[in-house]
Number of protein chains: 2
Amino acid sequence: MAQKNRTRFAILGMLAFQPMSGYDIKKIVDNSIAYFWKENYGHIYPMLAELSREGLIKLQGRDRKKETKGGPERKVYAITEQGKKAVKEWLYQPHAAENSRIELLLKLFFGMLVPMEISIAAIERERDAAINILKELKSIRKQAHAGEQNETSLFPLITLSYGEKHYKAVIEWCEETIAFLKKTTKGMKK
Amino acid sequence: MAQKNRTRFAILGMLAFQPMSGYDIKKIVDNSIAYFWKENYGHIYPMLAELSREGLIKLQGRDRKKETKGGPERKVYAITEQGKKAVKEWLYQPHAAENSRIELLLKLFFGMLVPMEISIAAIERERDAAINILKELKSIRKQAHAGEQNETSLFPLITLSYGEKHYKAVIEWCEETIAFLKKTTKGMKK
DNA sequence: AGGAGTATATATCAGACTGATATATTAATG
DNA sequence: CATTAATATATCAGTCTGATATATACTCCT
């Protein structure tokens with residue numbers, strides 16, 4: 001196997017919190033962990049079918065939320081005992097190193113091919129994006145603190161603090177780098 | 001198009017420094033930018049063929065390095081004027097947000113499913129890995145400072161400082177989080 | 001009443017990316 | 001001269017992404 005499928009475990013883990021539809025899973029991922037994990041419908045729906053075939057989850061029923069505005073019935077899936085066992089097994093295993101690809105840095109690495117202003121502008125956009133994400137994290141933290149505190153709510157808080165630390169570091173680096181490049185450019189123009 | 005192919009531009013950018021073989025490109029990527037970008041042979045070789053067909057690079061010749069120990073002849077590719085134009089165009093364009101997936105955080109998010117020691121051990125492994133990468137970055141910085149300073153060498157230094165800042169932040173977060181979780185566990189055991 | 005607009009929901013696909021493996025060449029080693 | 005190790009190219013199954021297609025049912029407006 002070239003890679004292990006992690007969407008599988010992301011879905012199982014989410015269903016361990018509560019039964020949900022594919023649409024719900026996407027919503028929750030987008031609203032609570034998007035700063036470190038993303039999922040696509042293109043992966044979620046086929047995986048729900050697969051997990052269902054394997055007996056790790058099962059279709060609990062079809063319904064329509066009361067607070068919902070419209071749309072077709074939701075297919076709500078629940079995790080099975082077998083499914084819970086599978087996530088736990090995965091949680092026990094150490095994971096491989098991430099293979100991040102940071103396009104900004106790749107572009108900066110080739111910065112000698114374009115005028116300095118282009119590189120600086122790219123870093124400024126990165127800084128602004130990071131500031132926005134940090135704002136979102138602030139609102140997630142607010143929600144988290146408003147809810148009840150228990151053992152389960154502990155873990156979302158530590159992933160949150162990772163996000164905060166990361167984006168603060170990114171912003172810092174952007175500021176420093178912009179200043180550095182501007183100084184260098186001025187020096188070169190003489 | 002679902003995504004844009006970035007391997008294409010990574011290869012073109014590398015060939016803008018100097019003519020190289022696919023094997024060389026992989027080596028350079030692994031040794032100088034692996035902390036923010038990775039490439040596979042599985043992507044490099046087909047892309048070299050494609051870029052060659054499109055006239056963005058051309059086969060400069062086959063040779064064997066003097067300092068090399070053995071192996072078959074290298075196919076050395078050089079970037080063409082058209083290829084240079086293509087990278088530059090790409091460099092001018094703003095890039096989309098990254099979609100990082102941090103498996104450690106996903107596992108921690110589901111931490112309530114396993115004993116606390118399992119989560120703590122995972123963070124400890126992350127911290128150790130980050131410490132090792134930081135060491136590698138230190139050696140890259142040493143090499144960089146040893147070489148001649150010019151406009152081109154400027155950019156690798158700023159990507160390097162991103163890496164340093166990032167991994168330092170990760171280590172900090174790991175230390176704080178481990179301490180926090182240990183304290184919490186002790187409190188719970190009473 | 002009916003049409004437009006919008007949120008909900010499931011599904012599929014081309015193309016990008018990964019990690020492993022297969023194949024072959026040549027130098028150095030013993 | 002067989003073995004080992006480094007060099008080099010190539011291919012493939014499986015994962016992941018982003019876009020798009022299809023359809024349902026509610027709300028709002030005229």
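A, B, ... follow the sequence lines: proteins, then strands. Residue 1 opens every chain.
Taken residue by residue, residues 40-50 of chain A places heavy atoms nearer than 4.0 Å to DNA chain D at A:N40, A:G42, A:H43. Contacts of residues 23-38 of chain B with DNA chain D (heavy atom under 4.0 Å): B:Y23, B:K27.
Taking the ring centre of B:Y77 as origin, the terminal cationic atom of B:K58 falls outside the region bounded by 6.0 Å and 45° from the ring axis.
The stretch residues 85-104 of chain B participates, sequence neighbours left out, in these ring pair (Phe, Tyr, Trp, His ring centres under 6.0 Å) pairs: B:F9-B:W90. Screening residues 116-170 of chain A for ring pair (Phe, Tyr, Trp, His ring centres under 6.0 Å), with sequence neighbours left out, gives A:Y162-B:W173, A:H166-B:H166. Applying the salt bridge (Lys or Arg N to Asp or Glu O under 4.0 Å) test to every pair with at least one member in residues 39-49 of chain A, sequence neighbours left out, gives these pairs: A:E39-B:R101.
For the pair B:K75 NZ and D:dT9 C1', the interatomic distance rounds to 7 Å; values are reported in whole Å. As rounded to whole Å, 13 Å separates atom P of C:dA16 from atom CD1 of B:I11. Between the CD atom of A:E98 and the C1' atom of D:dT15 there is a distance of 14 Å, rounded to whole Å. The interatomic distance linking B:E103 (CD) with D:dC16 (P) rounds to 9 Å, in whole Å.
Applying the side-chain contact (heavy atoms from CB on, under 4.5 Å) criterion to A:K138, with sequence neighbours excluded, gives no partner residue.
Side-chain N/O atoms of A:R6 include none lying less than 4.0 angstrom from OP1 or OP2 on D:dT15. Dashed line: the shortest gap from a side-chain N or O of B:N5 to OP1 or OP2 of C:dG15 is not under 4.0 Å. For C:dC17, one of the phosphate oxygens OP1 or OP2 lies less than 4.0 angstrom from a side-chain nitrogen or oxygen of A:R101. Contact annotation: A:T7 reaches the phosphate of D:dC16 (side-chain N/O to OP1 or OP2, under 4.0 Å).
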Would you sort out whether B:Y35 and A:S100 count as a side-chain hydrogen bond (donor to acceptor under 3.5 Å, both in side chains), showing the intermediate values? CA-CA 8 Å; B:Y35 60 98; A:S100 65; over 6 Å; no
Step-by-step salt bridge (charged side-chain N to carboxylate O under 4.0 Å, His left out) determination, A:E98 to A:R6: CA-CA 12 Å; A:E98 304 298 334; A:R6 293 126 99 213; 3.1 Å; yes
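Taking only side-chain atoms of B:R74, from C-beta outward, the nucleotide of D:dA10, C:dT18, D:dA8 with the closest atom is D:dA8.
Panel note: side chain A:Y23, backbone A:K75; no donor-acceptor pair is recorded below 3.5 Å. Listed for the A:K183 side chain is no donor-acceptor partner under 3.5 Å among the backbone atoms of A:A179.
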